[in-house]
Every structure is written in structure tokens, then in C-alpha cells.
Amino acid sequence: MTTKQIPNVDLTTQANVYFDGKCVSHGFTLADGTEKSVGVVLPSELTINTAAAEIMECVAGACEYKLAGSDHWQTCSAGQSFNITANSSFDIKVAEAFHYICHYG
């Protein structure tokens, strides 16, 4: 299932812009204090480092990703997600805009 809306959030209006604008996100906090971000990765090939564990939920578009320590590329499209461990990284290839929600922890 793809998340379409997230009610009752405290949204950070200033964007986080990474990789010369190829990745843009906005952080938000749920009523229970849970922090997340929502954003887009534009067509590119990037290596993204993580501090916290993350679940990347695809809400539109698609990507190929490869987790740190793996040689295997996998695909993620709308309604799917993938997990990244804390203090790690992943490679991502995007041919069309990849819209996501990042669930931390």
C-alpha cells in the first residue's frame, strides 16, 4: 500500500537539498514525536549514507538500489519499500523521479 497523506504533522518548510539538488526532502514530526521525511530523488546515480536505520517507502516512480556490502541491485517501485541499517549506505539509480517517505528507526 502507498501512503497518500499524513495527517497531523509538524512540517519543516525549508527543504534539505543534497547532491546539487538531485535529492530534496522535507522533515516532519508526527503527533507522537516520530520523525520522518518526504522527498524526491531526481534522475541520477548516488551513494547515500545513513545515520539512523531507515525504511525508504516509494510513493511514486521507481529506483534501483544496492545496499552496502551487496553486489545485488534490486528494484523498488510505488507501494514497495526497502530497509537500510543504521550507520550504513546504499547506492541508488533513478531514471524517473523517485518520490519517497523515509521512516527513521
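Predicted, not measured: the structure shown is a model, and the values here were computed from it. Residue numbers count from 1 along this sequence.
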Using side chain to side chain donor-acceptor pair (under 3.5 Å), reason through H103 and E54 one step at a time and then give a plain yes or no. CA-CA 6 Å; H103 306 270; E54 300 179 3; over 6 Å; no
Could you walk me through whether Y104 and S37 pass the side chain to side chain donor-acceptor pair (under 3.5 Å) check? CA-CA 8 Å; Y104 299 105; S37 65; 2.9 Å; yes
Between S70 (side chain) and H72 (backbone), is there a donor-acceptor pair under 3.5 Å? yes
Can you name the residues that form a salt bridge (Lys or Arg N to Asp or Glu O under 4.0 Å) with D10, not counting sequence neighbours? none
Please tell me if the side chains of F98 and I92 come closer than 4.5 Å, counting only heavy atoms from C-beta onward. yes
Considering all heavy atoms, the nearest S89-N49 contact: CB-OD1, 3.4 Å
Could you tell me if the side chain of S25 sits less than 4.5 Å from the side chain of Y18, heavy atoms only? yes
T47 to D91 - nearest heavy-atom pair and separation: OG1-OD1, 2.6 Å
Under 3.5 Å: donor-acceptor pair, side chain of T50, backbone of T85: yes
Using atom types as modelled and distance alone, determine if a side-chain donor or acceptor of E64 lies under 3.5 Å from a backbone N or O of V94. no
Could you go through C76 and F82, starting from their C-alpha distance and side-chain angles, then the distance that decides it, and tell me whether this counts as side chain to side chain contact (heavy atoms under 4.5 Å, CB included)? CA-CA 7 Å; C76 183; F82 61 96; 3.8 Å; yes
State whether the side chain of H99 and the backbone N or O of V59 hold a donor-acceptor pair below 3.5 Å, judged by distance alone. no
Is it the case that the side chain of S88 and the backbone of A86 share a donor-acceptor pair, with hydrogens and angles ignored and the cut-off at 3.5 Å? no
